[in-house]
2 protein chains.
Amino acid sequence: MPAHPAPTLEDVAARAGVSRATASRVVNGDPRVREAARVAVNAAVTELSYRPNRAARRLVTRAADSIAVVVPESDERVFSDPFFSGTLRGVTRALGSLPMQVVLVMGNPDDGDHRMERYLRGGHTDGAIVVSHHQNDNLWRVLAETQLPSVFLGRPYAAEARAPYVDVDNAAGAALAARHLIERGCRRVGTVTGPLDMSAGQDRLRGWQETLEAAGLETDLVEHGDFTAAGGAEATQRLLERCPDLDGLFAASDQMAVAAIGELGVAGRRVPDDVAVVGYDDSAAATMSRPALTTVVNPISEMASRAVDLLLRVMDGEVVEPAILPTGLVVRESA
Amino acid sequence: MPAHPAPTLEDVAARAGVSRATASRVVNGDPRVREAARVAVNAAVTELSYRPNRAARRLVTRAADSIAVVVPESDERVFSDPFFSGTLRGVTRALGSLPMQVVLVMGNPDDGDHRMERYLRGGHTDGAIVVSHHQNDNLWRVLAETQLPSVFLGRPYAAEARAPYVDVDNAAGAALAARHLIERGCRRVGTVTGPLDMSAGQDRLRGWQETLEAAGLETDLVEHGDFTAAGGAEATQRLLERCPDLDGLFAASDQMAVAAIGELGVAGRRVPDDVAVVGYDDSAAATMSRPALTTVVNPISEMASRAVDLLLRVMDGEVVEPAILPTGLVVRESA
DNA sequence: CTGAAAGCGCTAACAA
DNA sequence: TTGTTAGCGCTTTCAG
């Protein structure tokens, strides 16, 4: 076995004929070093293929170096919903060139396996962004207890969770969708909701409901979905059974909206002529769908950058306020 | 600003009235401590909400604590192909309760952005598992230069890459598929390949080719795909144009096979009656597809555990041999 | 511009 | 069973 102990800064310094301090300066790009010394050190570094020991460096600089993106969902969900890839991408981008690792922590805390909680309590990361928080996942409690700097992407469900968050006004977004449907002339407007143990699911339902009520329409056409295509398809079927003369539909995610359009097609309804459909997210699927989806904008990557921004500040010990981002409606073909 | 400096083991020890060493023992679960001391220390830990400093611990134990799963693909790809979620899940499982972080490093090295290389060279992780390595991604070179312990999941394309890997015999798998098609009576057998800048793509093509040749059949019906559904659909269309009497099809991934079945349906062909289709991966999509997919088993999660196993040993300084896992064919409805 | 020296917080012999 | 004592490899004053 290569009993080669990894070369240390000491070795580099020796080889370059300078002190450890000077070697350190060169390695870290400190300008106050003579050219000759710099060259010598750099040469030694490559010859020895020296790599600084992160732990040692970190111990003294006290620099943070990893944040967790926490997603209390099965890895299956995580990898099939574009929402998560968008978030992860946004986080990565926002971190830019900061030398910080992003650790993706997935897992369903419901099914007895407490790996996520253990991980978070283990102090393996310097901060956390919680992405798809549900009513019962207790994440806010764990986070509060460990005092791990953290921010929620999406308002936490529990009011006790006094953690900073970034969100959009989901109710307002849903209201936009409902209003568009009503103004289009729809009178039997249904909705396929998101998970109701998430604030986004609740808020979107509420926005739809209040808008319909204000217009004097019935709000009984509610079917529960879970943001996934499969869930959306089933919910649409149920809606169609209950109300064959449905003429407008608000789905709380694009994935569900696309599935709904498929289901509607199977049932012989034309979109938007027979049933107008509005989705939520303005994901890639919205433009690729036939007909293209009218949908509410969910600024995922902005939310991700804001979350990173907040988190960095929390890690700095700052006290920050929640951020609410604006939303809007994109009108395409489906409504 | 909570100018609170984080409590150290020293503080805990003081509060518990023991020495730092004893406190350390308690924190690390060393059994050789008196019950009273243990209780006192634990109390102090919670009161002070003490969390060990990882950097300090690591500095002395020299224990590794994070490995990268490197995927030179766009995040879009990564999040839409079940192969990657399977791999990631397998890696996570195999790591079990080892206190090691898994860092997902994605990115397309082709498009000028060298973040991945920088990251790898930055020494941010203690090892790497490279998942979807392409001919030109130069990963093996970077890895060799940095001497970062690493293993490839899938044989590296470049012969110069003398890194350990785990793989299945992709050619044998493809041969299984081709033979099944031939024995079924197919005479005009086409294939939709994977990316040909990956060893898996190449090997599967070769296995198909050799088997057809051995049976005295034509091997001209080759269309290039890229493992994705969209790529598979397009390739199938081209195949159908070139050869309307196609009666057998081997697709190098389940995603492409499912897309092919869809495309075949659009073109008025019945599966398997008019065209028999065999996929590759035995992913979840294979059982959900209508008709259910006959497909070659790709033991993703076993490969992932083996990769972890090898990597751990490489990180220990051991020299390891590549591992080749067995494969097989699962016959369902599509062929 | 450079070097000497002082730790960062922790674990692991070694003694007691 | 416990405490004492050395560092782990690095950065950073502080003198020179």
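Throughout, protein chains are lettered first and strands after them, A, B, ... in sequence-line order, and every chain is numbered starting at 1. What you see is a predicted model; the values in this text were computed from it and never measured.
Residues B/P322 and B/D167 are not in side-chain contact: their nearest non-hydrogen atoms beyond the backbone lie 4.5 Å or more apart. A/Y165 places a side-chain heavy atom less than 4.5 Å from the side chain of A/I324. Between B/R57 and B/N53 the shortest side-chain heavy-atom distance does not fall below 4.5 Å.
A/R32 comes within contact range of at least one nucleobase, with a heavy-atom separation under 4.0 Å.
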Exercise. How would nucleotides 7-12 of chain C be written as a contact map, 5' to 3', with B for base contact, S for sugar-phosphate-only contact and - for no contact, using protein heavy atoms under 4.0 Å?
Worked result: -BBBBB
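Ion pairing of B/D11 with B/R15 is absent here, as no side-chain N (NZ or NE/NH1/NH2) approaches a carboxylate O to less than 4.0 Å.
Using bins of under 30°, 30° to 60° and over 60° for the plane-to-plane angle, the ring pair A/F79/B/F79 lands in the parallel bin.
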